[in-house]
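Below you'll find the structure, written out as structure tokens, and then a few comments.
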2 protein chains.
Amino acid sequence: MLISLTEENYLKAIYSLSHLEADADVSTNQISDHLSIKAATVTDMLKRLAEKKLIHYIPYQGVKLSEKGKSTAIKVVRKHRLWEVFLVDKLQFKWDEVHEIAEQLEHINSDELIQRLDKFLGKPKFDPHGDPIPDANGQLNIVKAIPLNQHKTKGSFTFVGVAEHSKTFLQHLTSIGLKIGDAVKIEEINEFDNSFKVKINKTNSQFFSNKVASNILVEEKK
Amino acid sequence: MLISLTEENYLKAIYSLSHLEADADVSTNQISDHLSIKAATVTDMLKRLAEKKLIHYIPYQGVKLSEKGKSTAIKVVRKHRLWEVFLVDKLQFKWDEVHEIAEQLEHINSDELIQRLDKFLGKPKFDPHGDPIPDANGQLNIVKAIPLNQHKTKGSFTFVGVAEHSKTFLQHLTSIGLKIGDAVKIEEINEFDNSFKVKINKTNSQFFSNKVASNILVEEKK
DNA sequence: ACAGGTTTTTAGGTCAGCCTAAAAATTTGT
DNA sequence: ACAAATTTTTAGGCTGACCTAAAAACCTGT
């Protein structure tokens, strides 16, 4: 059965929306907002995806991926993230420049291509933003990263990923001098506005607003 | 102005068909056959392409690319051939495996991507089949390669490209042991059926039917 | 429990890109 | 030169993926 580019994008949207809250059904309006497509159009598509057994759809109740739908969505995510690694590692793109191009490349259809690309890139486990790359069987590394702003005490962490992928946010981090893998030490938490004073790699002192801190994912330093 | 994937394929078809005979207009049926799309549909599309000023179209007379149409087609060809180099040189695909994947990749839209890919590949001048890669300005290397079967006398040549790109033909050449760049010496021409006895790289003796020889492009050995 | 607001679906329309069948234009053979 | 064959276009239809407007279902607060 062939799945169109458009259908792949709906599946991908449902997949990522379903991870916002644990296992909740995804609503028509959520998909509509996420894809900037009118709700009526989304309803049309949901009916078609349900006929193809890619989703479980109950009118007025929302939608959930079927096993088939889920594995399709994960394959698209795998391709997207592998291509991002290619663009950054091999073609020297910046991490804030690759999303739009990967949105196109993720729909290229060839299992052989992806398998070889994966090998060529050294079977990477994470993309340039720190997001885990599903393996060929769709298995994802469990990442226990937590937004910086959820830490309420001083401590030392490693910056492992971002929760927000917009160009402006990524460029902001670049201008601050924060890169994946950097050491981040919380030196002070301002109780008034929950902003953070941190030190990056032991030398670079910075202030993060709570909003910025909420999009910086860290792990306990080992 | 945006050009759809489908429109790009029509422009590419017109471009390659217009090179079969010098500067002749391309007919509706030629395009129809080449793309396996019914003639009535082709007529529809030609009207749309003409409205967009991508072609010069006179009903019942045929079609010719405009400057804009030609540069669009050449860009697609450039992308196709660069991606083929990537697939063969970097991902170790065989030369008979890359066409279908490149047909998809050629429609990825990003000037920056192509410029960087070109650099990454070492600004190659030819694709894995010996076809010239247009440069960023659309300029093509003039190739003076001639089908082997047009040579009527013994002589020494270099194999520089193929006139036929089908999997079976390419696999045939691989099984014979003929690769781009190999030395090809005509040792005998059979006058009865115009088949050729040749020696490849001074050691490998082979017979070529006229049909095979007609698809092997060679240059005089320098 | 039901009025008012929100969400979702239904109904009907558009456009791109394909199709078949039939009509019109062009080319070919004698 | 003109009938027959071929090529091309026109006419009308379909499907996927979008839209707007209106109806239906669902939720919420008193």
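Heavy atoms only: backbone and side chains are in, while hydrogens, waters and symmetry mates are out. Order of the sequence lines fixes the chain letters, A, B, ..., with proteins taken first and strands second; residue numbering starts at 1 for each chain.
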**OP:** Have a look at A/T41 and say if it touches a base, only the backbone sugar-phosphate, or nothing, with a 4.0 Å heavy-atom cut-off.
**Re:** base
Original post:
Pick one: which of A/N190, A/D193, A/N149 meets side-chain hydrogen bond (donor to acceptor under 3.5 Å, both in side chains) with A/N210?
Top reply: A/N149
**OP:** Only one of A/E103, A/H80, A/H34, A/H107 passes side-chain hydrogen bond (donor to acceptor under 3.5 Å, both in side chains) with A/K12; say which it is.
**Re:** A/E103
Could you tell me whether the phosphate oxygens of [N], OP1 or OP2, come under 4.0 Å of any side-chain nitrogen or oxygen in [X]?
X: A/T28; N: C/dT9; result: yes
X: A/K38; N: C/dT8; result: no
X: A/N29; N: C/dT8; result: yes
X: A/Y10; N: D/dC18; result: yes
X: B/T43; N: D/dT10; result: no

Nearest-Å distance for atom pair [atom1]/[atom2], residues [X] and [N]:
X: B/E51; N: C/dA16; atom1: CD; atom2: C1'; answer: 13 Å
X: A/I31; N: C/dT8; atom1: CD1; atom2: P; answer: 9 Å
X: A/L49; N: D/dG16; atom1: CG; atom2: P; answer: 12 Å
X: B/D44; N: C/dC15; atom1: CG; atom2: P; answer: 14 Å
X: B/K52; N: C/dC15; atom1: NZ; atom2: C1'; answer: 12 Å
X: B/L5; N: C/dA16; atom1: CG; atom2: P; answer: 15 Å
X: A/M45; N: D/dG16; atom1: CE; atom2: P; answer: 9 Å
X: B/D33; N: D/dT8; atom1: CG; atom2: P; answer: 10 Å

Subject >> Earlier contact from the 5' end, DNA chain D, for A/Q61 and A/A39 >> reply: A/A39
Subject >> Within 45° cone of B/F126 ring axis and under 6.0 Å: B/R81 NZ or CZ >> reply: no
Subject >> Stacked cation flag A/K90 on A/F120, 6.0 angstrom / 45 deg >> reply: yes
Original post:
What nucleotide, of C/dC18, D/dT9, D/dT20, holds the atom closest to the side chain of A/A40?
Top reply: D/dT20
Subject >> Nearest-neighbour nucleotide for the B/I37 side chain, D/dT8, C/dT8, C/dC19 considered >> reply: C/dC19
Original post:
Are the aromatic ring centres of B/H165 and B/H99 under 6.0 angstrom apart?
Top reply: no
